[in-house]
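Just so you know, these numbers come straight off a predicted model, no measurement behind them. Position 1 is the first residue of the sequence, and the numbers go up from there.
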Amino acid sequence: MSIKSPIKSVVIAGGGTAGWMAAAALSRMLDSSEVDITLVESEAIGTVGVGEATIPNIATFNKMLGIEERDFMANTHATIKYGIEFVGWTKDGESYFHPFGTHGRDMMGMSFHQFWRKMHALGKASRIETYSATAMAAKQGKACLPSRDRNSLMSTLAHAYQFDAGRYAAFLRKYSENNGVTRVEGKITNVDVNSESGFIETLLLDNGKTLSGEFFIDCTGFRALLTEKVMETSFRDWSHWLPCNSALAVGSEKLPDSPPYTRATAREAGWQWQIPLQHRTGNGHVYCSDFMSDQLADEILLKTLASAPLASPKQLRFTTGQREKMWTKNCLALGLSGGFLEPLESTSIYLIQAGISRLLALFPDTGFNATEIDEYNKLMDLEFAQVRDFLILHYVANERRGEPFWDYVRNMSIPDSLKRKIDLFKGRGRYFRYDGDLFTETSWIAVFLGQNIVPEGYNPLVDSLPEKEVENRLNAMRAELAQAVPQMPEHDVFLSRYCPAPKSE
Ligand SMILES: Cc1cc2nc3c(=O)[nH]c(=O)nc-3n(C[C@H](O)[C@H](O)[C@H](O)COP(=O)(O)OP(=O)(O)OC[C@H]3O[C@@H](n4cnc5c(N)ncnc54)[C@H](O)[C@@H]3O)c2cc1C
């Protein structure tokens with residue numbers, strides 16, 4: 001019989017964003033009188049300390065936990081994120097906006113961008129982002145909740161958050177402990193493995209404590225203590241496609257008018273992020289050390305900050321890629337221990353969330369069914385590969401000629417899966433979202449067009465709507481946004497009313 005007894009004890013190794021997200025979700029879903037959940041973390045080691053920008057999916061995770069948006073935003077000093085402004089990704093002096101939400105309104109069951117493509121070629125449409133409520137709100141520094149009127153373009157406003165990663169982990173820790181999770185302080189120094197089954201049995205800590213369990217979740221970050229060192233799961237290295245391998249991160253003073261979006265500015269051998277929070281600004285320079293020295297990267301970062309730094313930049317190293325198997329026997333890798341795709345589209349926290357939701361759907365019993373584990377690994381492979389392709393698109397379609405890093409990424413070979421997508425779009429602007437692709441049509445279209453991949457034509461069915469009618473509709477959309485967006489509150493005003501950070505902090 002393949003059905004075995006239920007799991008009675010789960011041990012989570014590591015208490016960064018991944019560890020506490022896992023603890024929070026499991027404590028919500030499992031009965032604490034039936035299952036022990038223990039999380040071990042080491043203050044001496046600390047967390048990676050970055051990971052502040054998100055995508056809208058995180059709202060689903062918070063909802064699953066029963067967390068109110070205002071409460072979450074106040075406690076994590078969060079701001080609204082309407083998308084990402086990409087500066088200089090085609091060439092210096094050019095920029096575009098990747099908004100959440102949608103561009104304009106679809107017509108006759110066809111995507112808005114198809115009509116836009118026709119009218120833009122005729123000189124009768126402005127840049128595609130000017131038809132997005134979300135992009136326009138971002139550009140004007142405004143914020144509010146979406147309209148409930150489905151006929152209004154303001155109902156298409158969509159946001160994610162920019163928040164303090166440390167405060168998010170602390171917030172989830174409180175939530176998890178209230179739900180019965182036991183937190184243990186200590187450094188894991190040894191791991192006992194059953195010599196016959198190869199299953200992990202016990203973690204041994206530097207303070208003499210031992211933690212036995214049936215199921216182990218490895219959230220030890222880049223160390224991948226259980227996954228790599230104990231399970232010896234190899235790493236699928238994608239650095240030939242995403243060669244950035246270093247980052248310098250530094251906080252700086254709060255910007256006077258916090259923009260409701262993240263900015264990603266292309267630099268000589270990588271790019272720089274700016275993430276506004278309620279109390280400070282997160283900044284970082286992501287670069288490839290084969291093309292730029294750490295010292296120069298540090299100089300560029302500090303020289304280009306929009307506000308005074310609050311500390312010295314912190315150096316981080318990484319390799320882009322993922323584990324060959326996220327789940328092996330009774331050990332599941334979650335967060336950075338399972339893989340890392342650089343933070344260009346703020347996808348890492350989402351990938352933790354995806355890992356958790358798949359785990360909940362395939363929660364094991366003590367039999368650890370191999371087919372189910374295999375299914376989990378397949379689903380996560382797909383998630384990672386789709387995000388990977390979207391990230392590569394930003395690099396490969398650059399026009400920064402004469403800069404060695406950008407010349408390399410423009411000329412590198414790319415995965416067939418991405419090449420097919422680009423070829424399909426280049427013809428008549430076709431794009432299809434399938435296999436549960438994380439990024440929406442709006443996202444792909446924004447980056448295709450933003451990176452100057454303009455389709456040769458458009459869907460011929462577009463011509464069935466008279467040109468004048470399309471022109472009128474596009475003009476009406478712009479007029480609606482021109483009227484509504486300026487009436488929204490300033491972003492900082494919205495935050496101070498909706499989710500002010502607690503006064504004591
Ligand atoms: C430069 C950079 C920028 C990023 N920006 C973003 C972003 O904007 N958006 C986004 O979604 N993601 C971003 N990420 C990713 C994000 O930071 C991580 O996905 C997230 O923080 C989860 O990290 P983690 O919990 O897996 O690891 P960590 O935060 O490193 O936590 C590891 C935990 O394991 C513990 N630990 C390790 N070894 C031991 C041991 N021996 N004994 C006991 N405990 C141990 C540590 O103490 C810690 O608690 C970024 C990452 C980098 C590198």
Side-chain angles (χ1 to χ4, degrees), residues 9-30 32 35-52 54 58 61-62 64-65 67 72 75-78 163-191 200 202-230 249 314 316 318 323 326 330-340 348-356 359-360:
S9 57
V10 179
V11 177
I12 300 169
T17 303
W20 285 113
M21 281 177 77
L26 292 182
S27 69
R28 172 79 169 178
M29 303 304 282
L30 299 174
S32 62
V35 189
D36 284 333
I37 306 171
T38 307
L39 183 148
V40 54
E41 64 179 325
S42 160
E43 271 169 25
I45 294 176
T47 66
V48 70
V50 280
E52 302 183 326
T54 60
I58 193 168
F61 183 74
N62 287 342
M64 188 264 283
L65 297 182
I67 292 172
F72 155 75
N75 277 285
T76 59
H77 294 198
F163 60 63
D164 183 309
R167 287 174 199 273
Y168 187 49
F171 182 68
L172 292 180
R173 174 179 166 184
K174 196 166 158 200
Y175 175 97
S176 307
E177 288 183 323
N178 284 343
N179 274 353
V181 173
T182 307
R183 175 192 178 271
V184 175
E185 170 63 33
K187 187 172 167 191
I188 304 159
T189 47
N190 236 319
V191 180
I200 297 177
T202 310
L203 306 184
L204 305 126
L205 310 188
D206 59 347
N207 52 19
K209 287 185 187 159
T210 57
L211 295 176
S212 299
E214 290 167 321
F215 184 37
F216 291 81
I217 306 185
D218 182 358
C219 299
T220 58
F222 286 132
R223 286 181 176 77
L225 206 64
L226 310 185
T227 308
E228 188 173 292
K229 315 261 169 10
V230 180
K314 176 183 169 181
L316 297 144
F318 52 83
R323 294 279 150 206
M326 296 284 175
N330 66 338
C331 174
L332 180 130
L334 194 69
L336 298 173
S337 64
F340 181 56
S348 285
I349 295 173
Y350 164 76
L351 288 167
I352 297 171
Q353 178 185 344
I356 292 172
L359 169 62
L360 295 177

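The CD1 atom of I45 lies 7.5 Å from the CG atom of L225; values are rounded to the nearest 0.5 Å. In this structure, CG on L316 lies 7.0 Å from CZ on F222, to the nearest 0.5 angstrom. Here F215 contributes atom CZ and L359 contributes atom CG; the two are 5.0 Å apart, rounded to the nearest 0.5 Å. To the nearest 0.5 Å, the span separating CD1 on I67 from CZ on F72 amounts to 8.0 Å. Put simply, CD1 on I12 and CZ on R183 are 12.5 Å apart, with the number rounded to the nearest 0.5 Å. We find the OG1-CD distance between T54 and Q353 to be 9.5 Å, quoted to the nearest 0.5 Å.
When ring centroids are compared, F61 and Y350 stay outside the 6.0 Å threshold.
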*Please report the C-alpha distance between D36 and T182 in whole Å, then the side-chain angles of each, then the deciding distance to 0.1 Å, and finally whether the side-chain contact (heavy atoms from CB on, under 4.5 Å) criterion is met.*
CA-CA 8 Å; D36 284 333; T182 307; over 6 Å; no
*Start with the C-alpha distance between L332 and M326, add both sets of side-chain angles, then the distance that settles side-chain contact (heavy atoms from CB on, under 4.5 Å), and finish with yes or no.*
CA-CA 6 Å; L332 180 130; M326 296 284 175; 5.5 Å; no
*asked:* Apply side-chain contact (heavy atoms from CB on, under 4.5 Å) to residues F318 and L336 and explain how you reach the verdict.
replied: CA-CA 10 Å; F318 52 83; L336 298 173; over 6 Å; no
_For a side-chain contact (heavy atoms from CB on, under 4.5 Å) check, start with the C-alpha distance between I37 and L30, then their side-chain angles and the critical distance, and finish with the verdict._
CA-CA 9 Å; I37 306 171; L30 299 174; 4.2 Å; yes
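With D218 contributing its side chain and L226 its backbone, the two residues share a donor-acceptor pair below 3.5 Å. The backbone N or O of E185 sits less than 3.5 Å from a side-chain atom of N207, completing a donor-acceptor pair. Of the possible donor and acceptor atoms, none in the side chain of T220 sits under 3.5 Å from a partner among the backbone N and O of R223. Between the S176 side chain and the L172 main chain, a donor and an acceptor come within less than 3.5 Å of each other. Between the side chain of S9 and the main chain of E214, a donor-acceptor pair closer than 3.5 Å is present. Not one N or O on the side chain of K187 forms a donor-acceptor pair closer than 3.5 Å with the backbone of E43. For T227 (side chain) and A224 (main-chain N/O), no donor-acceptor pair under 3.5 Å exists by modelled atom type. Side-chain atoms of N330 come within 3.5 Å of backbone N or O of I200 as a donor-acceptor pair.
For K174, the NZ atom counts as loosely surrounded, since its 6.0 Å shell holds 12 or fewer non-hydrogen atoms of other residues, nucleotides or ligands.
Within the 4.5 Å cutoff, the side chain of S27 has heavy atoms near those of the Y175 side chain. Counting heavy atoms from C-beta on, the side chains of N75 and R167 never come closer than 4.5 Å. The closest side-chain heavy-atom distance from L203 to V40 is below 4.5 Å.
For the residue pair G51 and A165, the shortest heavy atom distance occurs at O-CB, 3.5 Å. Between K314 and V48, the shortest heavy-atom distance links the atoms NZ-O, 2.8 Å. The heavy-atom pair separating I188 from A13 by the smallest distance is CD1-CB, 3.7 Å. Taking all atoms of both residues into account, the shortest heavy-atom contact from W20 to G15 is CD1-O, 3.0 Å. For the pair G335 and I352, the tightest heavy-atom approach, listed with the atom from each and the gap, is CA-CG1, 3.7 Å.
Defined by atom type and a distance below 3.5 Å, a donor-acceptor pair is present between the side-chain atoms of S212 and T202. Defined by atom type and a distance below 3.5 Å, a donor-acceptor pair is missing between the side-chain atoms of D206 and T189.
Between E228 and R323 a salt bridge is recorded (basic side-chain N to carboxylate O distance below 4.0 Å).
Among V181, L360, L39, the one residue that satisfies the side-chain contact (heavy atoms from CB on, under 4.5 Å) test with L26 is L360.
Between Y168 and F163, the ring planes lie tilted relative to each other; the angle falls in the 30° to 60° range.
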